[in-house]
Amino acid sequence: MAYKITSLAGDGIGPEIMASGIKILEAIAAKYNHTFEIESHPFGGAGIDAAGDPIPPETLKSCQNADAILLGAIGGPKWDNAPKRPEDGLLALRKALGLFANIRPIQVPSSITHLSPLKKEIVENTDFVVVRELTGGLYFGEPKHWDDVAAVDSLTYTRVEIERIIEKAFEIASTRNKKVTSVDKANVLASSKLWRKIAEEVASRHPDITLEHLYVDAAAMLMIQRPTTFDVIVTENLFGDILSDEASVITGSLGMLPSASHAENGPSLYEPIHGSAPDIANQNIANPMSMISSVSMMLRQSFSLFKEADAIDAATTRTMQAGFLTADLGGNTSTTDFTNEVLKQIEGGE
Ligand code: IPM
Ligand code: MG
């Protein structure tokens, strides 16, 4: 079967890790007889440079017509004062495609528990998913403006927006350890009061799943203190942004974590959770794990290519177990050497 993929390499280390992701796709295509039609388009800072727009119309059109979208990373100091920043393109893309459900799995492979800044006995067997609401809250609420004397952001959520993301979290929990932790600030925020009420309503429709509520400050603490007690965490846009970066540190590096963003209909988008790391761009030292795992998530969640995704995951595990580690994890394996080792493992694997 042929799958149409739009590739948005973006900025900074984006093109380097995208090259890794595409090599992995080519290896899977060859081994399992699939066709991936990959169309590349400028996006983020690269979009501004090519077409004066972080999301040029051609780029958006390609994304809308794709079966799935693979994104590298965007942003950098070069565009800090641009009238429209690279980040505006990402937010516009999420909104245009209705990508409300951002799934960020956090797992610590046993081969690298010693690289976590936390004690081995705390991180061992960590395996949870952050389900982040992605098209509402402070990121998009109106009014939103600032001048030299005052600034406004608006935190707005509707019942429909809250209910569908919490339902999504319960759906994911039903395939896992059947526990949902809903994170809010219901002791202060009005939007959180509605959030908590709806979480209870959704829970009553899923009696086999346990719901716990945590305030976001407590959640931030417990995630570091006892990460193994979480299964599915569901939270609003900004809390999810912050908590998922915090969670990534448990694995030892932000460079490890992939994500998937789903709409109610239409293509899903797969991207590392980290930024474009301009300080290490073009040095062939970025960790491509987050991108390779994003490819595996894409095969699994958009194309139902389970054995192909398993083959990628097994290959990356074996690569890390064999001691191939990039600089962020204290090793000296380059981006391309790491990728080549994963390719070798895919080609030689079951
Ligand atoms: C993320 C990023 C983005 C976000 C930025 C680049 C706008 O931090 O995907 O977590 O805040 O959502
Ligand atoms: Mg973030």
Side-chain angles (χ1 to χ4, degrees), residues 1-10 14-15 17-44 46-47 55-74 89-105 129-132 134-135 164-165 168 171-172 175 257-274 288-313 315-316 339 342 346:
M1 204 177 142
Y3 302 93
K4 269 201 297 198
I5 299 168
T6 296
S7 148
L8 309 175
I17 59 174
M18 181 61 78
S20 298
I22 288 178
K23 278 195 202 142
I24 301 297
L25 275 172
E26 285 167 356
I28 293 292
K31 180 161 178 173
Y32 297 93
N33 262 317
H34 299 301
T35 305
F36 298 115
E37 291 165 8
I38 302 170
E39 214 179 276
S40 301
H41 285 274
F43 183 60
I55 177 157
E58 289 290 304
T59 299
L60 179 59
K61 209 157 88 201
S62 170
C63 292
Q64 283 162 330
N65 292 328
D67 294 319
I69 302 149
L70 202 55
L71 168 61
I74 51 127
L90 181 57
L91 299 188
L93 180 61
R94 289 173 179 170
K95 201 65 174 178
L97 297 177
L99 300 170
F100 74 94
N102 182 223
I103 316 296
R104 300 186 161 184
V129 182
V130 176
V131 177
R132 169 186 174 195
L134 204 60
T135 50
R164 66 183 178 179
I165 193 70
K168 189 72 165 185
E171 187 187 307
I172 294 171
T175 66
L257 296 196
S259 80
S261 302
H262 302 298
E264 294 194 55
N265 293 297
S268 299
L269 180 147
Y270 299 85
E271 61 173 319
I273 82 155
H274 58 70
M289 265 301 288
S290 55
M291 175 55 79
I292 297 174
S293 301
S294 295
V295 168
S296 142
M297 277 186 101
M298 176 175 75
L299 298 187
R300 217 180 278 287
Q301 297 187 10
S302 279
F303 306 151
S304 299
L305 296 176
F306 301 111
K307 70 173 182 304
E308 292 82 348
D310 287 345
I312 296 176
D313 295 345
T316 54
T339 307
V342 176
I346 290 174

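Small disclaimer: the values here were computed from a predicted structure and weren't measured.
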Chemist: Has the side chain of S268 got a donor or acceptor atom that lies under 3.5 Å from a matching backbone atom of A68?
Modeler: no
Chemist: Find out whether R300 and F306 are in side-chain contact, i.e. whether some heavy atom of one side chain is under 4.5 Å from a heavy atom of the other.
Modeler: yes
Chemist: Measuring from E37:CD to D67:CG, what's the distance to the nearest 0.5 Å?
Modeler: 8.5 Å
Chemist: Checking S7 against M18 for the side-chain contact (heavy atoms from CB on, under 4.5 Å) test, could you report, in this order, the C-alpha distance in whole Å, the side-chain angles of both residues, the deciding distance, and whether it holds?
Modeler: CA-CA 8 Å; S7 148; M18 181 61 78; 3.5 Å; yes
Chemist: Just by distance, do the side chain of T59 and the backbone of I55 share a donor-acceptor pair under 3.5 Å?
Modeler: no
Chemist: For I74 and G44, work out which heavy atoms get closest and say how close.
Modeler: CG2-CA, 3.7 Å
Chemist: Can you find a pair of side-chain heavy atoms, one from N65 and one from E39, that are under 4.5 Å apart?
Modeler: no
Chemist: Parallel, tilted or perpendicular for H34 and F36, by the 30°/60° rule?
Modeler: tilted
Chemist: Do the side chains of L257 and R104 get nearer than 4.5 Å, heavy atoms only?
Modeler: no
Chemist: Is it the case that the side chain of S62 and the backbone of E58 share a donor-acceptor pair, with hydrogens and angles ignored and the cut-off at 3.5 Å?
Modeler: no
Chemist: Which atoms form the tightest heavy-atom contact between I17 and P288, and what is the distance?
Modeler: CG2-CA, 3.9 Å
Chemist: Under the salt bridge (charged side-chain N to carboxylate O under 4.0 Å, His left out) rule, collect the residues that match up with K4, sequence neighbours excluded.
Modeler: none
Chemist: Grab the two heavy atoms, one from I346 and one from A311, that are nearest each other, plus how far apart they are.
Modeler: CG1-O, 4.3 Å
Chemist: To check you understand the geometry: which heavy-atom pair defines the closest contact between I28 and L299, and what is its length?
Modeler: CG2-CD1, 4.1 Å
Chemist: S294 and S259: which non-hydrogen atoms are nearest, and at how many Å?
Modeler: OG-N, 3.8 Å
Chemist: Only one of I69, L25, L305, L269 forms a side-chain contact (heavy atoms from CB on, under 4.5 Å) with M298, so which one is it?
Modeler: L25
Chemist: Can you find a heavy atom in the side chain of L8 that is under 4.5 Å from one in the side chain of L93?
Modeler: yes
Chemist: Nearest 0.5 Å, please: how far is CG in L134 from CG in L91?
Modeler: 8.5 Å
Chemist: Would you indicate whether the side-chain heavy atoms of R94 and N102 approach each other to under 4.5 Å?
Modeler: no
Chemist: What I'd like to find out is whether the side chain of Y270 reaches to under 4.5 Å of the side chain of I5, using heavy atoms alone.
Modeler: no
Chemist: Which heavy atom of A263 sits nearest a heavy atom of L99, and at what distance?
Modeler: N-CD2, 3.9 Å
Chemist: Is there a side-chain contact between F303 and E308 (heavy atoms, below 4.5 Å)?
Modeler: no
Chemist: What distance separates I312 CD1 from K307 NZ, expressed to the nearest 0.5 Å?
Modeler: 12.5 Å
Chemist: Working to the nearest 0.5 angstrom, can you tell me the gap between I292 CD1 and I24 CD1?
Modeler: 4.0 Å
Chemist: Do the non-hydrogen side-chain atoms of M297 and P105 ever get within less than 4.5 Å of each other?
Modeler: yes
